[in-house]
Amino acid sequence: MEELKKLYKDATGLDVADIEAIAGAGSNRKYYRLKGTDGSTLIGAVGTSRDENHAFCYLAKHFVEAGLPVPQIIAESKDGLRYLQTDLGNQSLFDALKGGREAGGRYNAHEKELLKRTIAALPAMQIHGALGLDFTQCYPQEVLDETNVLFDLNYFKYCFLKATGLDFHELKLEASFQLMARDIVNIPGGSFMYRDFQARNVMLDSQENPYFIDFQGGRRGPVQYDVASFLWQASARYPKTLRQELIKVYLQSLSRYQEVNERQFRHGLQLCVLFRLLQVLGAYGFRGYFERKKHFLESIPPAMESLRELLQEGGCPYPYLNEVLTALVSMPQFKQDKNENTKRSDGLKTTESNPYTAHPQDGPATFSRYDAQGPLVVRVFSFSYKKGIPEDTSGNGGGYVFDCRSTHNPGRYEPYKQLTGLDEPVIRFLEDDGEILTFLECVYKLADAHVLRYLQRGFTNLMFSFGCTGGQHRSVYSAQHLAEHIHKKFGIEVHICHREQGIEQVLTPARCMVFAAGLGTRLKPLTDTMPKALVPVAGKPLLEHLLSKLKASGFNDVVINVHHFADMIEEWCQQHPMGMHIWFSDEREKLLETGGGVKHAVPLLRDAQDGFLIHNVDILSNADLRALAEAGRSPSLSEKGVARPRAATLLVSERDTQRYLLFDDDMRLVGWTNIATGEVRSPYPNLNPKLYRKYAFAGIHYMNPCLFRYFDDWGDKFGIIDFYLSVCDKEPIYGYVQPGLRLIDVGKLDTLRDLSRLPLP
């Protein structure tokens with residue numbers, strides 16, 4: 001410290017009046033704010049690597065001369081271990097974006113503006129800053145080469161992939177790594193690569209202009225790497241639409257310095273995103289799995305979500321690596337939840353944030369929400385009897401309390417003492433032993449009956465608690481499994497609290513989109529004065545029939561698209577919320593048809609990561625919507641036997657019609673035919689409809705958000721069946737047949753008259 005004070009005195013001629021330690025990040029350098037007797041301040045840095053310090057000071061001086069926003073180097077010590085730089089204040093971009101992060105990635109207009117300013121300033125540093133730069137001064141090397149890339153990829157393999165227990169072929173994976181390393185270093189247009197470009201390394205001045213710090217690891221490399229590092233930062237959770245918006249801002253700024261081939265840029269960006277995600281997972285694995293650092297464990301789930309999204313978009317061009325990563329994101333410990341809270345590496349969120357307390361992501365659809373008394377919310381706790389039974393904050397008396405202490409305790413054995421009931425070794429121990437499974441079979445039966453009755457009676461709170469000696473193994477396992485069982489079976493919101501472990505999780509309700517925007521021309525003159533959704537059937541509006549069925553099937557989250565008499569539908573929902581969460585996708589300006597309706601509503605649907613139901617408002621049926629959703633969430637197998645999510649699952653039947661969907665023997669969609677005209681539509685050339693199964697579409701289907709990426713190739717207005725037919729050769733779209741299905745399409749006045757005499761399905 002005395003050496004730092006002396007350096008300050010020599011540089012300024014002033015004594016140090018006060019020293020304030022500044023919290024560091026991931027490096028070994030320590031930072032201090034030194035305040036002189038005149039009140040001015042400088043930042044003092046003390047490092048352990050002379051070469052690293054030299055690289056930073058050289059680069060900073062070069063960038064200052066180029067007029068770039070970086071701190072100015074005031075003085076360097078002779079031993080190379082200390083230096084002084086200008087003080088850029090206390091406000092980092094990371095701090096300024098705190099509200100958006102804590103809101104699950106919902107950034108406000110001001111936060112978005114800060115992001116745009118920052119990414120717009122990046123090309124100047126990358127391109128203009130590279131002019132005249134002596135890259136031999138960079139640390140630890142002057143260019144990103146294949147050896148550098150392979151080091152990080154193998155770091156991922158040994159510190160993350162192997163730690164998960166996933167089986168893979170070493171030589172095949174290494175071959176993929178070699179190809180990937182070659183492709184990354186050959187991305188054209190390399191310039192100065194910041195390498196650690198993230199919100200923590202951007203300071204904001206009093207006018208909120210960005211200044212860049214911690215660029216000492218920079219070297220020559222592809223500019224796309226910094227964009228990937230910034231926009232796919234795990235903790236930031238930037239929504240896809242915001243990422244795309246920021247990429248456009250970046251490209252506009254980049255075009256001021258060089259000619260931009262956007263297609264070429266995006267191809268390189270995709271490779272860099274894949275590389276960056278594997279790189280950070282390797283770091284998170286080592287610091288989390290091996291060093292047991294909580295922050296890095298908490299960073300794994302959002303990184304896995306980004307990897308899952310990238311794979312769904314075809315972002316891994318290396319077949320075997322794609323197989324391994326697809327299997328990785330499908331592992332139980334990385335199981336997806338339906339909301340966007342931060343999760344642990346075992347799939348649990350570490351902070352609770354109810355997605356219904358704020359609007360969904362910004363986007364083209366406008367919407368509103370109506371809540372009544374509220375749907376049933378189940379809360380499940382694990383606890384230690386030594387610390388008492390969990391308090392019931394709902395005022396309902398505490399619900400069920402189950403004692404797990406009669407089952408075999410893994411905590412008695414040394415290998416499991418530092419683990420919990422969420423860790424795979426403990427899970428295997430308990431399930432191999434079997435006592436816990438017998439115990440839970442009885443619990444499930446009791447819980448199922450109780451949840452069903454609460455749903456029928458319109459109750460809003462139910463609580464289950466599991467206690468054991470330490471609240472660490474048996475109770476945690478039991479609480480987690482009951483919560484997931486209830487959520488899967490009933491589709492309702494379930495809150496999990498492992499009290500003694502400080503872990504909380506929210507399993508969100510199943511979501512449905514209701515098509516209610518149509519003009520209802522076949523129901524004229526009724527629809528001259530009201531929307532089709534409010535046409536009465538057996539004394540109740542069509543929409544009420546459907547919402548009642550959805551609620552009974554566990555779909556408490558509903559998005560309704562509106563156009564014709566939209567105000568009447570919104571007003572009716574406001575007066576009859578039915579204990580559901582209802583949003584509106586506003587198509588008042590233009591009727592978009594079924595496919596365009598889904599595309600327009602993407603901002604309200606994209607966080608339904610396990611998929612969502614789609615239901616026409618004028619369909620009455622005895623369809624088992626839970627069974628259809630379960631089929632829609634089940635994986636399909638590729639030709640190589642790799643599990644992948646079903647892109648869509650369509651409820652179909654053998655009823656008589658002129659227009660049929662065509663399916664192969666595995667019930668995978670291959671085409672469409674009109675038997676009256678002989679017309680055939682299919683992405684497969686010369687398809688013979690006689691060789692395939694013919695089924696009629698029921699107007700009810702289940703879609704996975706992986707299909708959203710194909711919407712970019714379509715305009716605003718298109719039919720959903722046309723869309724499905726265009727992608728069925730690329731994505732697994734299946735038919736689902738329910739035995740005994742009864743279905744009524746309430747589309748004509750004659751049908752309404754018949755319904756007055758016939759029982760509803």
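Position 1 is the first residue of the sequence, and the numbers go up from there. The structure presented is a predicted model; accordingly, all values stated were derived computationally and were not measured.
Using a distance-only test at 3.5 Å, with no hydrogens or angles considered, no donor-acceptor pair links the side chain of Ser40 to the main chain of Gly36. Under the 3.5 Å distance criterion, the side-chain polar atoms of Ser306 are matched with a main-chain donor or acceptor of Pro302. Looking at Lys35, its side chain never comes within 3.5 Å of a backbone N or O of Ala17 through a donor-acceptor pair. In this structure, the side chain of Lys172 does not engage the main chain of Phe168 through any donor-acceptor pair within 3.5 Å. With hydrogens and angles disregarded, no donor-acceptor distance shorter than 3.5 Å links the side chain of His54 to the backbone of Gln137. Formation of a donor-acceptor pair under 3.5 Å by the Arg82 side chain with backbone atoms of Ala45 is not found in this model. Listed for the Arg263 side chain is no donor-acceptor partner under 3.5 Å among the backbone atoms of Asn261.
Using a 4.5 Å cut-off on side-chain heavy atoms (C-beta onward), Leu311 and Leu307 make contact. Residues Lys599 and Phe708 form no side-chain contact, since every pair of their non-hydrogen atoms from C-beta on lies 4.5 Å or further apart. Within the 4.5 Å cutoff, the side chain of Gln85 has no heavy atoms near those of the Ile74 side chain. Side-chain atoms of Leu310 and Trp232, non-hydrogen and from C-beta on, never get closer than 4.5 Å to each other. Counting heavy atoms from C-beta on, the side chains of Val260 and Gln252 never come closer than 4.5 Å. For the pair Leu133 and Leu59, the minimum side-chain heavy-atom distance is below 4.5 Å. The shortest side-chain heavy-atom distance between Gln126 and Tyr194 does not fall under the 4.5 Å cut-off. Contact of the Lys248 side chain with the Glu262 side chain is not registered, since no non-hydrogen atoms from C-beta on lie closer than 4.5 Å.
Annotation for Gly132 and Tyr58: closest pair O-OH, 4.3 Å, computed over non-hydrogen atoms. Pro140 and Arg219 make their closest contact through CD-NH2, 3.3 Å (heavy atoms, listed as atom of the first residue, atom of the second, distance). Scanning both residues, Ala327 and Leu166, for their nearest heavy atoms gives CB-CD1, 4.1 Å. The minimum heavy-atom distance linking Ala199 with Leu97 is given by the pair CB-CD1, 4.4 Å. Taking every heavy atom of both residues into account, Leu325 and Cys316 meet most closely at CD1-SG, 4.4 Å. Shortest non-hydrogen contact noted between Val223 and Phe265 is CG2-CE1, 4.3 Å.
Each of Asp87, Leu84, Leu34, Thr86 was checked for a side chain to side chain contact (heavy atoms under 4.5 Å, CB included) with Ile43, and the lone residue meeting it is Asp87.
Rounding to the nearest 0.5 Å gives a distance of 12.5 Å between CD of Gln141 and CZ of Arg220. Atoms CE and SG, from Met193 and Cys272 in turn, are 8.5 Å apart once rounded to the nearest 0.5 Å. Note that CD of Gln233 is 8.0 Å distant from CZ of Arg101, once rounded to the nearest 0.5 Å. Taking CG of Leu88 as the reference point, atom OH of Tyr211 lies at 7.5 Å (rounded to 0.5 Å). With values rounded to the nearest 0.5 angstrom, Lys30 atom NZ is found 12.0 Å from Leu4 atom CG. Rounding to the nearest 0.5 angstrom, the gap separating the CG atom in Asp18 from the CG atom in Asp15 is 13.0 Å.
Atom NZ of Lys98 sits in a sparse spot, with 12 or fewer heavy atoms from other residues, nucleotides or ligands closer than 6.0 Å. Annotation for Lys162: atom NZ counts as buried by contact number, over 12 foreign heavy atoms lying within 6.0 Å. When the shell of 6.0 Å around CD of Glu170 is examined, it contains more than 12 heavy atoms from other residues, nucleotides or ligands.
Look at Glu2 and Lys9 and you find no salt bridge, because none of the NZ, NE, NH1 or NH2 atoms lies under 4.0 Å from a carboxylate O. Using a cutoff of 4.0 Å between basic side-chain nitrogens and carboxylate oxygens, Glu305 and Arg237 are scored as salt-bridged. A salt bridge does not link Glu111 with Arg106: none of the charged nitrogens is closer than 4.0 Å to a carboxylate oxygen. In this structure, Glu245 does not pair ionically with Lys112, as no charged nitrogen and carboxylate oxygen lie closer than 4.0 Å. Salt-bridge annotation for Arg308 and Glu313: absent, with no side-chain N of the basic residue lying under 4.0 Å from a carboxylate O of the acidic one. A salt bridge is absent between Arg50 and Asp79: the closest approach of a Lys/Arg side-chain nitrogen to an acidic carboxylate oxygen does not fall below 4.0 angstrom.
Under the 6.0 Å cut-off for aromatic ring centres, Tyr83 and Phe56 qualify, their centroids lying closer than that.
When only modelled atom types and interatomic distance are considered, Ser229 and Arg276 share a side-chain donor-acceptor pair under 3.5 Å. Between the side chains of Gln279 and Tyr225, at least one donor-acceptor pair of N or O atoms lies under 3.5 Å. Residues Glu731 and Tyr710 have side chains that bring a donor and an acceptor to within less than 3.5 angstrom of each other. In this model, a donor atom of one side chain and an acceptor atom of the other lie less than 3.5 Å apart for Asp183 and Tyr318.
In this structure Phe63 satisfies the ring pair (Phe, Tyr, Trp, His ring centres under 6.0 Å) test together with Phe192, Phe215, sequence neighbours excluded. Residues forming a side chain to side chain contact (heavy atoms under 4.5 Å, CB included) with His267 (at least two apart in sequence, or on another chain): Leu271. Asp95 is linked by a side-chain hydrogen bond (donor to acceptor under 3.5 Å, both in side chains) to Ser92, counting only residues two or more places apart in sequence or in another chain.
By the 30° and 60° cut-offs, the orientation of the rings of Phe156 relative to Phe177 is perpendicular. Using cut-offs of 30° and 60° on the angle between ring planes, the pair Phe212 and Phe197 is perpendicular.
A cation-pi arrangement is present between Arg200 and Phe94, with the terminal nitrogen or guanidinium carbon under 6.0 Å from the aromatic centre and inside a 45° cone about the axis.
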* **Tyr250 and Leu246: CA distance, side-chain angles, deciding distance, side chain to side chain contact (heavy atoms under 4.5 Å, CB included) verdict** => CA-CA 6 Å; Tyr250 173 83; Leu246 292 173; over 6 Å; no
* To do: Report the C-alpha separation of Leu81 and Val46 in whole Å, then their side-chain angles, then the decisive distance to 0.1 Å, and conclude whether the side chain to side chain contact (heavy atoms under 4.5 Å, CB included) test is met.
  => CA-CA 6 Å; Leu81 295 179; Val46 180; 5.5 Å; no
* Could you go step by step and tell me if Leu93 and Phe230 meet the side chain to side chain contact (heavy atoms under 4.5 Å, CB included) rule? -> CA-CA 11 Å; Leu93 178 62; Phe230 187 66; 3.8 Å; yes
* **Worked verdict on Val324 versus Leu161 for side chain to side chain contact (heavy atoms under 4.5 Å, CB included)** => CA-CA 9 Å; Val324 171; Leu161 189 59; 4.0 Å; yes
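The list of salt bridge (Lys or Arg N to Asp or Glu O under 4.0 Å) pairs with a residue in residues 59-68, not counting sequence neighbours, reads Lys61-Glu76. Sorted by first then second residue, the salt bridge (Lys or Arg N to Asp or Glu O under 4.0 Å) pairs that include residues 131-154, not counting sequence neighbours, are Asp152-Arg195. Residue pairs that meet the ring-ring contact (aromatic ring centres under 6.0 Å, His included) test with at least one member in residues 121-149, sequence neighbours left out, do not exist here.
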